[in-house]
Amino acid sequence: MNPLLGAEQAVLGSVLLDPGQLSHLDWLAPDHFYRPVHQVLFAALRKLRNDGHPALAAGKSVPLSWVTDAVDEAGLHVRGLTAAYAHTLISACPRAAHAPVYGRMVLEGAIHRSVAAYAIRLHQAARADALQGEVEGALHCADVLTAVLSDLAQRWGTEPRPIAPATPPATAPAPPPGRADRITEDERFLLAVLAERPRAMDEVVDWLRPSDFADPAHGQLYRCLGALHHRSEPIDRITLLWEAQRRGLLADGTLSSGQITAICDSLGVESAEWLGELVIRSSVTRTAATSARAVRALAENEALAPGQLINHALHALGPLDEVRTRWQMANGRPAPTPTAPTPSPNGPPPVQVHAALARSTPRPASPLSARPGSAPAPAVARPAARGHS
C-alpha cells in the first residue's frame, strides 16, 4: 500500500473510532488529503463535531450513528461512499490515539504536493510573461508561492527561513527562452550603446548586472565595460579588447576579438536605460523560471522533510527576489519592505504548537522542569486511546 494512502485511511479511521481525536487535528485541513473522498469525509466529520453530534459526549462507547451520519453527510458531496468503506477505514487504523501522527503524515504529503503545484504555476507564468514581454504574472505567482510556503511552515510548526540545500537540486535543462533572438539582439544593441557612449553606463550601472544577460558572453562583456567605467578609464574597441584579455575571456573562448569588434562597430542610437530595462525584464522571467524548476525538483524529492523543503524552496526563490528589487529600481518603483512577523508574547500560535507536538515523542513532564509560559506537554495534544485500538 502507498504510505500516504495508508496514512489518510488511518487518520480517518482513528476519528471514526474516537471523535475526540478531532480536537488534536485542528491544524489539518480537508484539502490536505490527496483523495477527494477522504477530503469530503474529513470535512463531514468536522461538521458533525461543530454541530455538536451526540457521539462527542458518549464517553468510551462511540455510537454507530457517528459513522453512519458521517457517511450520510459526506455522501451529499461525493458519490460512491458507503458504510462498508467507512469500516475499511476503521480497520486500517492501528491505534486511534496515534491520530496526530497519521495527520502529520497526511500534512507532509500535502506540503510536497502544494509546493510542486505552485512551482508549476510559477514556471508557466514565467514562460507566458517571457513570450509577452511582461513580468507581472510571474511576480504575482512568486508572491503566492512565498505566502503558501509561510502558511505551510506555520501548519508544520516551524519558522520559514531560507536555507541552502547541501546539494543543489538536479533540474532538467532549461528550454529555450521565449523571444530568444529578440533578447539577444537587445543585449547586443545595449552593449553597442555603452561602448559608443561610455557615459551611458551611468544610466544602468546601479541596477543592471552581468547575470541579467541571457548570453553569458554578453554578460562578461558588460562586466568588462563596468570595470573600465569603475576605474574611469577610456572605453573603446581597443581598451575593451584589452580588458577582456586581462580577464582571460579571450583565452578560454568566452569572447573573441571578432565579437568585440562587431559590437563596438555597431551603431548604437537607442537609449541605454530603455534597452537595459528590456534586458532586466527578460532576466526577471528567466530567473523566475529557473527558481520554479528548482522548487519543483525539491518538492518531488520525497526524502526531504517538510521543514527542509520549505526552507530550501524559500532559498531557491532568493535570486528572483534580488532581480525583482533591481527591476523595481530600473522602473523607479521603491522595493516593498517585507514586514517581519511580530513575536507573540504568549509564545507560538496554538496551531503551530499542536503541529510541532504531533512530530514529537511524548515524554513525562517533570514538575521541577515546568516553566511558566512553556508549551503544553505532548500528552495534552496526544491523549491516550479511549477504548479502541
Side-chain angles (χ1 to χ4, degrees), residues 130 133 135 139 164 168 174 176-177 179-291 318-335:
V135 300
L139 295 180
R179 305 168 67 230
D181 293 340
R182 180 60 185 272
I183 293 171
T184 302
E185 186 178 351
D186 291 339
E187 293 178 355
R188 282 200 301 266
F189 282 151
L190 173 61
L191 293 172
V193 171
L194 297 178
E196 176 70 20
R197 297 187 286 109
R199 290 186 180 180
M201 281 290 298
D202 293 328
E203 302 176 22
V204 299
V205 70
D206 290 336
W207 43 265
L208 190 64
R209 302 289 180 267
S211 58
D212 293 326
F213 289 77
D215 188 330
H218 291 168
Q220 291 299 328
L221 189 55
Y222 176 75
R223 191 184 298 275
C224 293
L225 286 164
L228 293 172
H229 175 267
H230 178 73
R231 300 197 300 263
S232 300
E233 295 183 359
I235 297 178
D236 57 32
R237 176 170 54 84
I238 300 300
T239 59
L240 193 55
L241 188 63
W242 183 259
E243 182 68 21
Q245 177 179 281
R246 291 178 60 189
R247 292 175 175 269
L249 301 175
L250 301 181
D252 63 13
T254 301
L255 287 168
S256 67
S257 58
Q259 285 178 287
I260 297 176
T261 301
I263 289 176
C264 291
D265 289 346
S266 300
L267 183 61
V269 294
E270 287 89 350
S271 163
E273 183 178 13
W274 178 72
L275 289 169
E277 289 180 8
L278 296 180
V279 172
I280 195 173
R281 184 169 63 192
S282 69
S283 178
V284 171
T285 56
R286 192 168 57 253
T287 305
T290 300
S291 296
L320 178 56
D321 293 335
E322 191 271 339
V323 70
R324 175 185 194 167
T325 300
R326 293 188 286 104
W327 158 255
Q328 292 169 330
M329 290 175 58
N331 286 271
R333 305 174 189 171

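Side chains included, hydrogens not; waters and symmetry mates left out as well; all remaining heavy atoms used.
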Does [Y] offer a backbone N or O that forms a donor-acceptor pair with the side chain of [X] under 3.5 Å?
{"X": "Glu203", "Y": "Ala200", "answer": "no"}
{"X": "Thr239", "Y": "Pro234", "answer": "yes"}
{"X": "Thr285", "Y": "Ser282", "answer": "yes"}
{"X": "Asp212", "Y": "Arg209", "answer": "yes"}
{"X": "Asn331", "Y": "Trp327", "answer": "yes"}

Can you classify the ring geometry of Phe213 versus His218 as parallel (below 30°), tilted (30 to 60°) or perpendicular (above 60°)?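 The rings of Phe213 and His218 stand perpendicular, inter-plane angle above 60°.
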Side chains of [X] and [Y] in contact at under 4.5 Å (non-hydrogen atoms):
{"X": "Leu278", "Y": "Ile183", "value": "no"}
{"X": "Gln220", "Y": "Pro210", "value": "no"}
{"X": "Thr290", "Y": "Pro319", "value": "no"}
{"X": "Tyr222", "Y": "Met201", "value": "yes"}
{"X": "Leu275", "Y": "Val204", "value": "no"}

Just verifying a value: how many Å separate [X] [atom1] and [Y] [atom2], rounded to the nearest 0.5 Å?
{"X": "Glu322", "Y": "Thr325", "atom1": "CD", "atom2": "OG1", "value": "7.0 Å"}
{"X": "Leu191", "Y": "Leu225", "atom1": "CG", "atom2": "CG", "value": "6.5 Å"}
{"X": "Thr261", "Y": "Gln259", "atom1": "OG1", "atom2": "CD", "value": "10.0 Å"}
{"X": "Leu320", "Y": "Leu139", "atom1": "CG", "atom2": "CG", "value": "6.0 Å"}
{"X": "Ser283", "Y": "Arg324", "atom1": "OG", "atom2": "CZ", "value": "14.0 Å"}
{"X": "Leu241", "Y": "Leu221", "atom1": "CG", "atom2": "CG", "value": "10.0 Å"}

Looking at every non-hydrogen atom in both residues, tell me the closest pair between [X] and [Y] and how far apart they are.
{"X": "Ala272", "Y": "Val193", "answer": "CB-CG1, 3.9 Å"}
{"X": "Pro198", "Y": "Glu196", "answer": "CD-O, 3.5 Å"}
{"X": "Arg237", "Y": "Cys264", "answer": "CA-SG, 3.8 Å"}
{"X": "Arg247", "Y": "Ala227", "answer": "NH2-CB, 3.1 Å"}

Just do the side-chain contact (heavy atoms from CB on, under 4.5 Å) check on Glu233 and Trp242 with the steps written out, would you? CA-CA 12 Å; Glu233 295 183 359; Trp242 183 259; over 6 Å; no
Got a salt bridge between Glu243 and Arg231, using NZ or NE/NH1/NH2 to carboxylate O under 4.0 Å?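 Yes.
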Run the side-chain contact (heavy atoms from CB on, under 4.5 Å) test on Arg188 and Thr184 for me, step by step, so that the C-alpha distance in whole Å, both residues' side-chain angles and the decisive distance to 0.1 Å come before the verdict. CA-CA 6 Å; Arg188 282 200 301 266; Thr184 302; 3.4 Å; yes
Test side-chain contact (heavy atoms from CB on, under 4.5 Å) on Arg326 and Val284 and set out the steps. CA-CA 9 Å; Arg326 293 188 286 104; Val284 171; over 6 Å; no
Testing Leu255, Thr254, Leu250 for side-chain contact (heavy atoms from CB on, under 4.5 Å) with Asp252, which one passes?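 For Asp252, the side-chain contact (heavy atoms from CB on, under 4.5 Å) check succeeds only for Thr254.
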